[in-house]
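Only heavy atoms go into these numbers, but all of them, side chains included; no hydrogens, no water, no symmetry mates. What you see is a predicted model, and the numbers here were worked out from it, not measured in a lab.
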There are 2 protein chains.
Amino acid sequence: MRILIVEDDPLLADGVAQLLRGAGYTADYVGSAEQAESALAAESFDLLVLDIGLPGMDGLELLSRLRARHKAIGVLMLTARDALNERVRGLNLGADDYLTKPFAAVELLARVGALARRSRGQSSLRREFGPLSIDDEAHRAWLHGQPLDLPQREWAILGFFLDHPEKVLSKERIVAAVCRWDQDMSVNAVEVYVSRLRTKLEPAGIRIRTIRGLGYMLEDLPHDAKPA
Amino acid sequence: MRILIVEDDPLLADGVAQLLRGAGYTADYVGSAEQAESALAAESFDLLVLDIGLPGMDGLELLSRLRARHKAIGVLMLTARDALNERVRGLNLGADDYLTKPFAAVELLARVGALARRSRGQSSLRREFGPLSIDDEAHRAWLHGQPLDLPQREWAILGFFLDHPEKVLSKERIVAAVCRWDQDMSVNAVEVYVSRLRTKLEPAGIRIRTIRGLGYMLEDLPHDAKPA
DNA sequence: GCCCCCATGCGCATCCTCATCGTCGAAGAC
DNA sequence: GTCTTCGACGATGAGGATGCGCATGGGGGC
């Protein structure tokens, strides 16, 4: 799965590229619509992450020009938070999804994942972890078949855990994943949400283990580890 | 179901193509009547979305020439809002339906759907969702068999929900679907219509669930979920 | 008149910080 | 080796700020 990022802010472009590479995608970036056209002409990409606010030819124009030739490519558009009009036009022009800046890492990964799946012709992914079942697209979760409803923050953190099951995740890393880059969050806040998740998940046998000094780890304790 | 779009504005052509592809059709577009003739000669299409105002040979002329050979093809004609004359002539020349520009995404989908069904020899499609029953062509709705009447906007939004049942739809996405591209609408307006739809649908067991921070989702709560 | 849409105000879920309490681990004394 | 003590880290409950979503009233247009 090869992804082209079109973003004039090099810092952001690089951050996004790193993030996607970390998730197993191949990601390259260019800084303008013109460069994007040549890149797409020269090589083949499966997905485009396209900033609408570009210098020179703007993203919407690029989008409509691209559609004429690269028909199959999925487009995730990045817009400013208040540019409702752009978002509407973009969606009408055939962007597949959008994300408003600033966004959090897990949001981007979720959207890209959904588009990647769709381009492979798969439907929405149901992730399973023990008795827990997550449908990212429908944004729903079940525990033993019972609907479980989670506020945004808890949802994001749980999603991040599920991206890295049985791995130790530091609190700093969790903050980086679920916070937009204009926000900040104390590590204590993470502790709070982990605590809340525990009260919801632990009765079902899903544990978030504390690794003292290092972070947390999601684990599924099978039935044999029944408490006395 | 293969559709050819004949439209000289590439932005619009592309938007329409994307929209139709998103709905599961195969859609291609060309920018002039001449190109349309060669495309139709070379390959087979089931439906034509034809802009009347074309440079060079105009849409009406193309339509009359086409009818001589491709008799079976359905034609949805696009006209300017005030061009009553063209519409009349177009219908006389054998267009099957028309849409005035600018139009909203859901309108186009509804018309194309109707023509597609007709070409398959099916009569009007009754979509069912729990106790709700929708006849797009007749533009009527029933709830438990009781006629339900809905103003345009509510109709459009409900139709969009039915196109994506059990999926989270952001308010922006709803705006993009039901607004013509020359319009804009605050997300607040969506809230208002959702509220109205709820008062009408909820007594019958159809819920529009709020996903805080993300949007809405249509769901049918079966009888077993009876409140205490 | 009916429909559409916006502005305003309110209520509440969510989020995050703070403060307190509990727990774990290491080091030192015996 | 074992017990104790102490310090740091983590857990959790409470409270305040924030912002989202909902309801309502009214103005404008067809």
Return no unless some side-chain N or O of [X] is found under 4.0 Å from OP1 or OP2 of [N].
| X | N | value |
| --- | --- | --- |
| B/Ser186 | C/dC5 | no |
| B/Thr210 | D/dC20 | no |
| B/Ser195 | D/dC22 | no |
| A/Lys171 | D/dC9 | no |

Can you tell which of [options] lies closest to the side chain of [X]?
| X | options | result |
| --- | --- | --- |
| B/Met185 | C/dC24, C/dC5, D/dG21 | C/dC5 |
| B/Tyr193 | D/dG21, C/dC4, D/dA11 | C/dC4 |
| A/Arg153 | C/dC5, D/dC22, C/dC16 | C/dC16 |
| A/Arg212 | C/dC4, D/dA8, D/dA11 | D/dA8 |
| B/Pro151 | C/dT17, C/dC5, C/dC3 | C/dC3 |
| B/Asn188 | C/dC4, C/dT8, D/dG10 | C/dT8 |

Walking DNA chain D from its 5' end, the first of B/Val192 and B/Leu214 to be reached, judged by nearest nucleotide, is B/Leu214
May I have the distance from [X] (atom [atom1]) to [N] (atom [atom2]), rounded to whole angstrom?
| X | N | atom1 | atom2 | result |
| --- | --- | --- | --- | --- |
| A/Leu197 | D/dT12 | CG | P | 12 Å |
| A/Ile208 | D/dG10 | CD1 | C1' | 14 Å |
| B/Arg198 | D/dA23 | CZ | P | 7 Å |
| A/Ile174 | D/dG10 | CD1 | P | 12 Å |
| A/Gln183 | C/dT14 | CD | P | 17 Å |
| A/Glu191 | C/dC16 | CD | C1' | 13 Å |
| B/Arg196 | C/dC2 | CZ | P | 13 Å |
| A/Leu169 | D/dG10 | CG | C1' | 17 Å |

Do side-chain atoms of [X] reach the backbone of [Y] as a donor and acceptor pair under 3.5 angstrom?
| X | Y | value |
| --- | --- | --- |
| B/Arg111 | B/Leu76 | no |
| A/Arg198 | A/Ile208 | yes |
| B/Arg127 | B/Ile134 | no |

Can you name the nearest heavy-atom pair linking A/Gly130 to A/Asp220, along with the distance?
CA-OD2, 3.4 Å
If you compare all heavy atoms of A/Asp96 against all heavy atoms of A/Ile73, which two are closest, and at what distance to 0.1 Å?
OD2-O, 4.1 Å
By nearest nucleotide on DNA chain C, pick out whichever of A/Asp149 and A/Asp184 is the more 5' one.
A/Asp149
